[in-house]
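Protein chains get the first letters and strands the later ones, always in sequence-line order, with residue 1 at the start of each. Heavy atoms only: backbone and side chains are in, while hydrogens, waters and symmetry mates are out.
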Amino acid sequence: MALLEVRNLATHFFTREGTVRAVDGVSFALEPGKTLGIVGESGSGKSVTALSIMGLIPKPPAEIVSGDVLFEGRDLTKLSEKQLEDVRGREIAMIFQDPMTSLNPTLTIGTQITETIRRHYDVPKQQARKKAVELLEEVQIPRAADRLDDYPHRFSGGMRQRVMIAIALSCDPKLLIADEPTTALDVTVQAAVLDLLDDLRQAHEMAMILITHDMGVVAESADDIVVMYGGQIVEHASVNDLFDRPEHPYTEALLGALPQIEGEGIRTGRLTAIPGRPPDLKNPPPACRFAPRCPYANANDSCATVIPELREIRKDHWVRTAHPACERAGAREPEKVQA
Amino acid sequence: MTTFIIRRLFWTIPVILLVILLTFTMMRQIQGNPFRKSERAVPEAVQRNLERKFNLDKPWYLQYAYYVKGVATYDLGPSLVLRGRTVNDIVEEHFPVSIELGLYAFLFALITGVPLGMIAALRHNTALDYGAMFFSNVGHAVPSFLVATLLIYFFALQWGDVTGLPTSGWSSWEHKILPSIALGLGPMALFARLVRGTMLETLQQDYVRTARAKGLHYRRVVGLHVLRNSLIPVVTAAGPLLGFIITGSFIIELIFNVPGIGQYFVTAVNARDYSVVMGLTVLLSVIVIGANLVVDILYGILDPRTRDART
Amino acid sequence: MRIKTPWLLFLAMMVASLALVGAGCGGDDDGGDAAGTESGTTTEEGGGEAADQTITVNWGTEPPSLDPGLASDVTSANILLNIMDPLVKLDDDLNPVPSAAESFETSEDGKTVTFTLRDDLAWTNGDPVTAMDFEYSWKRTVSPELGADYAYQFYGIVGAQDYNGCDAKKDDCAALRAKMGVKAIDDKTLEVKLTSPQPWFVQQAAHHSFLAVHKPTVDQFGDRWTEAANIVTNGPFELTAWQHNSRIDITKNPDWRDADSVNLEKVNGRMISDGTTAVQAFEAGEIDVTSGLPPDEIPRLKDTPEYAQYAGLGTYYYGVNVKTITDVKQRRAMALAIPRQSIIDNVAQADQLPATGFTPEGMPGYDTINPESPFLPAEGDMEQAKALMDEVANPKTDITLYINDSPGHREIAVAIQAAWQELGIESTIKQQEFQQYLEFLGPPPNKDVDVYRLGWIGDFVDAINFLELWTCESGNNSTNYCNEEYDALIEKARATEDNDARYELYGQAEEILFGENGDMPVLPIYFYTYVQLEKESVKDSYEVNLLDQIDLTQVTVTE
């Protein structure tokens, strides 16, 4: 059985200016121990999807209007708040983008770790603190025991993110959701954190959802990738297949925008920027949401009138477009390196 | 931290001296004769005698010097109008009453205002929020003397048989209820709005989301994570507020016939009782300075970030 | 987001418990206040004495001092006159009758008054009260060190003014003190030598500043001798408790010479200065007597059986600067225009009496003294006023009207401003804070002032008290009015012993001011009244006199 199965999830924000259809029919599954990467621009709905899984969307304006989230067979969307509290931190953990603001400045990191442990396990404080030290060592914080009673402002950004990871791991969750974990960090630190995440994931046998807008990040870590655009999944494939043979015009554009420094089959030439802006999710385009920016959409096709379905174009490769790469006239071959 | 406190205490001295000088000058400027109690003019010989008795015939700088010396030795002088009583007497007898009233009012404001603000923030944009804010706005807008009189009228007079509350005075604990509420309503409104505002802001913070993502009970998230951070601005406001509640309670004291320092303050100014006015002004300054100092210290304790900033 | 159940619960519990406790502990109090009335009215046949003779009086303010030498307000006077024994008291007609003195005698030439004390006078600590006590006390009040306001009351005594004005650096004050004309001939005889015959002197001796103080106590405790723990008194009541600004209680002195005639056992005193609160306390049954009623409540309270009104010895008047409003006809016209009764009915609202002269009604000799001025009709006479105004050659049509900022004065000023407008006079009302106002008025009179408002309350019961205000040198005359004929009359009256003859002279003085050819430097508006609320159980016997004084020995709780 899949560890996590999201089926047709739709989360809308009901605001005075209109209803924002932030997540509009998202489905995917995740096996235990595997990593799923979710990529997309800002506003594509990736974070909202993650928050919806955790039940952390702000309940006044936002609401899960349809769909299920099955975790080990249980539908999380049907659970009460109390039940969800038991799941969070213990079964599913989440780390966030900005480590500067994600930690409470008025509590020591020791408290912030131990409170998580003691919430889910009935252990005395000393024992929790011992575990906290172990966790800090695991995430490679030097002099962990001494630093347990320090406040967050005493740590650098990268260290804080490690602390966040330590907190997330403290109760041995089965699934870790990492929402843009490295976006706010230096490039050099990014790599280290990603490596750490990967090592820990393997050591603890966790599944992971890695959310990012940076294709380079998922290339290393993910097993499968989901590309989101305008609140919908536009492409879903294994990592190799996606990078070798992207089908959706958007994915292609994303990859085209990616600088490649080394490796086989790298592209050279100018980086391509994607013209236009993300769709207004209060009034999304009537049919294909990427149509206004798509280089292949034209006046005569169905892009503006018929919503393209997500279809399995190859084995384990799904795409939602009227113009997949392999169907376009003059199907492209992956570009070769200039010798 | 100790150096910080010592330095602040040291600065109190010039501030107090300045306060004395300003009050001294202002009181002399507004003219008026402390010895004239009614339309009847004071006979010359009597006027001279009295001025001599209270050193008012000396040049102003000498008077100022005497007074400063008095403050330093805690001898605030005799009252010019209430013969036979010294300002020390007045302060020692009546200041504790004002402190008591102020403290009760403050506690009332805290105990009702903070939860009110919390409820409003947690049930943002619902009827509860609007209701709580309406109630607190009324508490803020309606002048305290009106509130006081209404409270007496309803709770002590009309429904007196049920509540058993007296209309005025300060002798037993029943007496202390209505004045404390009347004085505390304004600050309650302030706290409610402040807490609501800061909580709404804090609830949006990322670390609150993190706390929830950890599966912490919502009680703890609000009670510890949110409240800790929300209360910092409240503490900042509470300090000077306490100072002003204690010293600015004159109207409530007047209406409820509470023998506190407020009545003396105002009647002394009207009667031109220089020593009482000066003494009470110095007292007020010390309180306000003290309250601000306490707040700054508390701030350092509550917010660890400032602790390090202030070596 | 869930409701913060724990907090709400806590709050609800707090509120509930407060309400419960408040409801449960109703009624009784622990020697706080209001004990009196609740238990005071045991039902017997109507009119009989109640078992518990305790009353609670709201004095309105804290007495600034209970030292007879320093007290200068009504509250202090009231308490003092009940805990001390004055030489004489005033009867209902305000004539002096023996009290601590069993008799008094004035010499032929009117310059010596001798008081003979009773045998049974005693201080509360057992010491006998002697004439020495009085000599000591009067000299003490006059002494420059004490700085007594009322020292001037003694200026009629030989050497008093000199002693009072003595400068320790230049003069031999001890000698001046010895020379002062009050002497204890023996334990029972007090001889007073006056600078001139003063027929009202004995009456004056009923004033609280003439009370005796207990020297050993004063010596021992200095400024604090009047605190309840220290004070030694000699009157029908004793001071048993005094919490400043909170309460002052006096209890019957069982050892007083005439204790049997005193019915009241205890008088609890409150000091509620806010009128509304006082009325509320009265209506809640916490106090039995209160004054200081808020003017806007008087119309409602008038209809209640507890309302009581007394004539007061005071006059509310407008002084006119005769140097700026120079034409007497204009002043008369201005007087005629004022609608006194209307002001009383609609603004002052305490059934005051419209003034027809300066000396108020109730003053002995009033019928002779009062000039029934043709220019002071109760309703005002606008026609005549206008007619008179037309005769004025150069009228001052632009005047300043000064008042102080206490409640009520502005409304009266506005009414009068409207009346004068009909005469073609534009008055600008200027309001000032009281103390500044008093300084501002001078004397010397301020040039800016055309008309000013003041009141005058009698110290003692003789018209000289009022009429001497308008002499040239009076420290309370801000009108620039100076009439030698008037001054001469006043001087002559001072020397006239015979009451009737003196009242004649007073009448003539008032004629000069307010008669047909009256100078009208002053426009009297009304004579004061005192209004109070008194519980029916004490209403009959609780009577306040013209000077707003209450003799508690005459009060009984009935029912």
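- The shortest non-hydrogen separation linking A:E115 to B:L224 is OE1-CD2, 4.2 Å.
- The environment of A:F13 atom CZ is dense: over 12 non-hydrogen atoms of other residues, nucleotides or ligands sit within 6.0 angstrom.
- Contact check for B:T210 versus A:F96: side-chain heavy atoms found under the 4.5 Å cut-off.
- For A:R119, the part lying under 4.5 angstrom from a heavy atom of chain B is the side chain only.
- When atom types are taken as modelled, the side chain of B:K214 and the backbone of A:Q112 share a donor-acceptor pair closer than 3.5 angstrom.
- Side-chain contact between A:P60 and B:N125 is absent, with no heavy atoms from C-beta onward closer than 4.5 Å.
- Chosen from A:N104, A:I167, A:I177, the residue pairing most often with chain B at heavy-atom distances under 4.5 Å is A:N104.
- In this structure a side-chain-to-backbone donor-acceptor pair under 3.5 Å is missing from B:R209 to A:L56.
- Residues B:R212 and A:M94 are not in side-chain contact: their nearest non-hydrogen atoms beyond the backbone lie 4.5 Å or more apart.
- Side chain of B:R228 to backbone of A:T106: a donor-acceptor contact under 3.5 angstrom is found.
- Only the side chain of A:L51 comes within contact range of chain B, with at least one heavy atom under 4.5 Å from a heavy atom of that chain.
- Contacts between A:L103 and chain B at a heavy-atom distance below 4.5 Å involve the backbone alone (N, CA, C, O).
- Contact check on A:E85 versus B:R219 returns no salt bridge, with no Lys/Arg side-chain nitrogen under 4.0 Å from an Asp/Glu carboxylate oxygen.
- The most heavy-atom pairs under 4.5 Å with chain B, out of A:P173, A:P152, A:P105, come from A:P105.
- Within 6.0 Å of atom CD in A:E134, more than 12 heavy atoms from other residues, nucleotides or ligands are found, so the atom counts as buried in its surroundings.
- For CE of B:M133, the number of neighbouring non-hydrogen atoms (other residues, nucleotides, ligands) closer than 6.0 Å is greater than 12.
- Contacts of A:M164 with chain B are made by side-chain atoms alone, with heavy-atom separations under 4.5 Å and no backbone atom involved.
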